[in-house]
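Below, chain A is the first sequence line, B the second, and so on; all start at residue 1. Below, all heavy atoms of this structure are taken into account, side chains as well, without hydrogens, waters or symmetry copies. Quick caveat: nothing in here was measured; it's all calculated off a predicted structure.
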Protein chains: 2
Amino acid sequence: MAVREGRTTVASRSGAATIAEVAQRAGVSPATVSRVMNGRFVGEPQVAERVRQAAAELDYSPNHLARSLALGETKAIAFLVPDLSNPAFQAVLSSLSKTAAKDGYRVLVVDSGESPTEEPLLAAEARRRCDAIVLCAPRMSEDDLVVAADALRPVVVINRQTSRVSAPTLSIDYRSGVESLARHLYDLGHRHLVFLEGPEGSVSNRARLLGLEDFERSTPDVRLDRLPVGAGSEDGLLAAGDVIATGATAALAFNDLVAVGLIGGLVERGVRVPEDLSVTGFDDIPFARYISPPLTTASVPHEELGVQAWSRMRSLVRHETPEHNVLFQPRLELRKSTAAPRA
Amino acid sequence: MAVREGRTTVASRSGAATIAEVAQRAGVSPATVSRVMNGRFVGEPQVAERVRQAAAELDYSPNHLARSLALGETKAIAFLVPDLSNPAFQAVLSSLSKTAAKDGYRVLVVDSGESPTEEPLLAAEARRRCDAIVLCAPRMSEDDLVVAADALRPVVVINRQTSRVSAPTLSIDYRSGVESLARHLYDLGHRHLVFLEGPEGSVSNRARLLGLEDFERSTPDVRLDRLPVGAGSEDGLLAAGDVIATGATAALAFNDLVAVGLIGGLVERGVRVPEDLSVTGFDDIPFARYISPPLTTASVPHEELGVQAWSRMRSLVRHETPEHNVLFQPRLELRKSTAAPRA
DNA sequence: GGGGCCCGTGAAAGCGGTTTCTCGATTATG
DNA sequence: CATAATCGAGAAACCGCTTTCACGGGCCCC
């Protein structure tokens, strides 16, 4: 006892009672204590009572680490995300965490800082600590993703729709979503639009671009400019000048954050929304309806993504077959930031 | 080997190579493999090379669980929060996670769902999985907190300033913050204010109420109404009617979320902000400056809270003495949602 | 040339649980 | 009354890794 000093690291020697101590105090074997603690005890009730008594007296609770090692499961899942400060991802995390908790699972968060190259390593490291991992909007290359989805199993992938990955996948149809937004603007009478592009590497940005191409093909009498902007409010704010310069009557922002920043920048410059310029976002973050003017956007069910992700994850860890993949269709949320262009 | 079937749970039997297998393949003992993997090897270089080779061939990486058990540390900390969907808490988590990651620590999130009674249990459970825990704005009673702060050590407490807890504490001076906001409104000429109260049990709400009492004492010629509202945008939206009914010329919202909701509700009813009614928030969430009108609020350094929390946590896990506690002073962020009342 | 010292490596004892097996003591059965 | 079946509980192996301790071999020095 006195031998191993200075190794008073964590829960170990810092007072936490061990199963052996409880066993000794109750005058039984560790095996019996284990059985009592896990409700697998079938012997004489008084023995169980003695054990419970001893456990209570020592304020014993099983070492989670040791238990996990013996059992081979941690009751935790990892959540890898490119940027935890993005409200959209926070919403997914929040609902995932709440949902998983109902089944006794905890979530370990890992922020990759938008680095496509770090991601596979971080994922592997995180995965080794947990029973499974959720890859949320991974930025890694498709080849890496295919490999990772296999190597990290059980895995659930959010927002990277690919037939090549074997893991359950939940995605958003950005392509059709942005097309709907564009069409909405077109129907209002806009013929000159501008799209504020997201981060260069972003897969969902490419999906939006595809959607806009679809739109252009089906409506040749429209002009659609593209502006490299980014994914944050700051980016939208800074882009205001460029947007005005295009002369477009309506702007499609990469997401709500960008839209909010853009509106702020426009207002600063005396451009009225929607009278002078219509603006749309994407995501329908909680704030979208509260800013003024309330933002017309494409609603993405972030909470639902978290719930569904866990639902599939639960199936996987139980060795059941997970539900089908789904491609969520964004819902047009028409509010006040869009209107017909001035005559 | 064939004996233990059907226990193919996690990283265990699912293909992951063990240190023993690597050792065997390299023709050395597990001890040597361990030393090589941890850079503690001092023997012949070719032996190390053989080990590395074998490890690579088997795609070996140490089982984190087993390692943690042997070492007595998990390199993970828990983060307990009342409601993960609150942007203020998300900001803390985000920066805490990023900061801790630089030292190789991961964060396990636990959402207590605003339950004061569940909290101590959740905290204990989470703590047992990690090396330490951050209690963010705990809702538990002060007695519980005092006990928890001791039992869960190492602990860092955010937003519950108490001389009775021994753990490092980071807090916000809501009391003086709200007083500053009230004074700002007073200086603009407002003499009839209304405060939109936060959740009943919230300690920070009580602090705000104290600050307002200070304010009332020092400025007797002001009328200050109080309205039970809540902490979310929805609550603010619903309170709009009541706020108007008070006849006040300025409203102090519990936080930015409430303020945003309130403004939305006011605009719906044709009440202009700030011409007809001034509105202030609290927190300075990222959106505050982007809504329109940009929100006058008291800025709270959430990112800094995360950074400082980790800084203290790091000291604790290293058995060093943590930096001093700090009481952050909110900074008045004067924007466009407040103005002089109409004459 | 023999004894003492390093040096490199392995054996084994943990870390704190879970679980299979086994065994002695009852109880049921012929 | 002998023996089989049952039951309660413990011994020990195991999960996978770390680390202390011990041991054998080569080198140095007297």
Side-chain angles (χ1 to χ4, degrees), chain A residues 1 3-24 26-51 55 58 60-75 128-129 131, chain B residues 1 3-24 26-51 55 58 60-75 128-129 131:
Chain A
M1 207 73 203
V3 177
R4 41 188 307 292
E5 255 290 343
R7 194 133 155 297
T8 317
T9 357
V10 210
S12 60
R13 201 72 268 144
S14 32
T18 73
I19 198 172
E21 291 166 5
V22 176
Q24 185 173 13
V28 299
S29 76
T32 298
V33 176
S34 172
R35 287 190 269 252
V36 171
M37 297 301 292
N38 295 299
R40 295 197 212 309
F41 184 80
V42 286
E44 305 195 7
Q46 31 174 323
V47 173
E49 193 40 50
R50 268 212 325 276
V51 170
L58 294 173
Y60 169 76
S61 75
N63 178 315
H64 201 275
L65 235 43
R67 203 151 184 281
S68 296
L69 182 59
L71 254 30
E73 67 168 355
T74 65
K75 290 277 185 182
R128 283 203 305 275
R129 298 170 163 250
D131 297 343
Chain B
M1 210 68 199
V3 177
R4 41 189 307 294
E5 254 293 342
R7 194 137 155 291
T8 317
T9 355
V10 209
S12 60
R13 203 69 267 147
S14 32
T18 74
I19 198 172
E21 291 167 4
V22 176
Q24 184 173 12
V28 299
S29 76
T32 297
V33 176
S34 172
R35 287 190 269 253
V36 171
M37 298 301 291
N38 294 299
R40 295 197 210 309
F41 184 79
V42 286
E44 305 195 7
Q46 32 173 320
V47 173
E49 193 40 50
R50 268 215 323 278
V51 170
L58 294 173
Y60 169 76
S61 75
N63 178 315
H64 201 275
L65 236 41
R67 205 154 182 279
S68 297
L69 182 58
L71 253 30
E73 67 168 355
T74 65
K75 290 279 187 177
R128 283 203 305 274
R129 297 170 163 250
D131 297 343

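- Residue B:Arg40 places none of its side-chain N or O atoms closer than 4.0 Å to OP1 or OP2 of D:dT18.
- Among the heavy atoms of the strands lying under 4.0 Å from B:Thr32 are primed sugar atoms or P, OP1, OP2 only; no base atom is included.
- For A:Val42, whose side chain is taken as the heavy atoms from C-beta onward, the closest listed nucleotide among D:dT18, D:dG8, D:dG16 is D:dG8.
- Here the P atom of nucleotide C:dG8 and the CZ atom of B:Arg50 are 15 Å apart, to the nearest Å.
- The shortest distance between side-chain heavy atoms of B:Ser68 and B:Leu65 does not fall below 4.5 Å.
- Distance A:Gln24 CD to D:dA9 C1': 17 Å, rounded to the nearest Å.
- Heavy atoms of A:Val33 sit nowhere under 4.0 angstrom from any nucleic acid atom.
- Atom pair A:Leu69:CG and C:dT19:C1' shows a separation of 14 Å (rounding to whole Å applied).
- When distances run from any side-chain atom of A:Ala31 to the nucleotides D:dC15, C:dT19, D:dC17, the shortest one goes to C:dT19.
- The side chain of A:Arg67 approaches C:dG17 more closely than any other nucleotide in the set C:dG17, D:dA9, D:dC17.
- Closest contact between the side chain of B:Pro62 and the listed nucleotides C:dT9, C:dT19, D:dC17 involves D:dC17.
- Atom CD1 of B:Ile19 and atom C1' of D:dC14 are 16 Å apart (whole Å).
- By the 4.5 Å heavy-atom criterion applied to side chains, B:Phe41 and B:Val47 are counted as neighbours.
- Among the nucleotides C:dG10, C:dT9, D:dC17, the one closest to the side chain of B:Tyr60 is D:dC17.
- Comparing C:dT18, D:dT18, D:dG8 against the side chain of A:Leu71 picks out C:dT18 as the nearest.
- With hydrogens and angles left out, the side chain of A:Arg35 and the base of D:dG8 share no donor-acceptor pair within 3.5 Å.
- Regarding A:Glu73, its CD atom lies at a distance of 17 Å from the P atom of D:dC15, rounded to whole Å.
- With contacts defined as side-chain heavy-atom distances shorter than 4.5 Å, the pair B:Val33/B:Val28 qualifies.
- At least one side-chain heavy atom of A:Asn38 sits less than 4.5 Å from a side-chain heavy atom of A:Arg67.
- A:Glu21 places a side-chain N or O within 3.5 Å of a backbone atom of A:Thr18 that can act as its donor or acceptor partner.
- Closest approach to the B:Thr18 side chain among D:dC17, C:dT19, C:dG10 is made by D:dC17 (side chain taken as heavy atoms from C-beta onward).
- Checked against D:dT18, C:dG10, C:dG17, the side chain of B:Ser34 finds its nearest nucleotide in D:dT18.
- Checking the phosphate oxygens (OP1, OP2) of C:dT18, a side-chain nitrogen or oxygen of A:Asn38 falls inside 4.0 Å.
- Which of C:dG8, D:dA9, C:dG17 sits closest to the side chain of B:Glu44 comes down to C:dG8.
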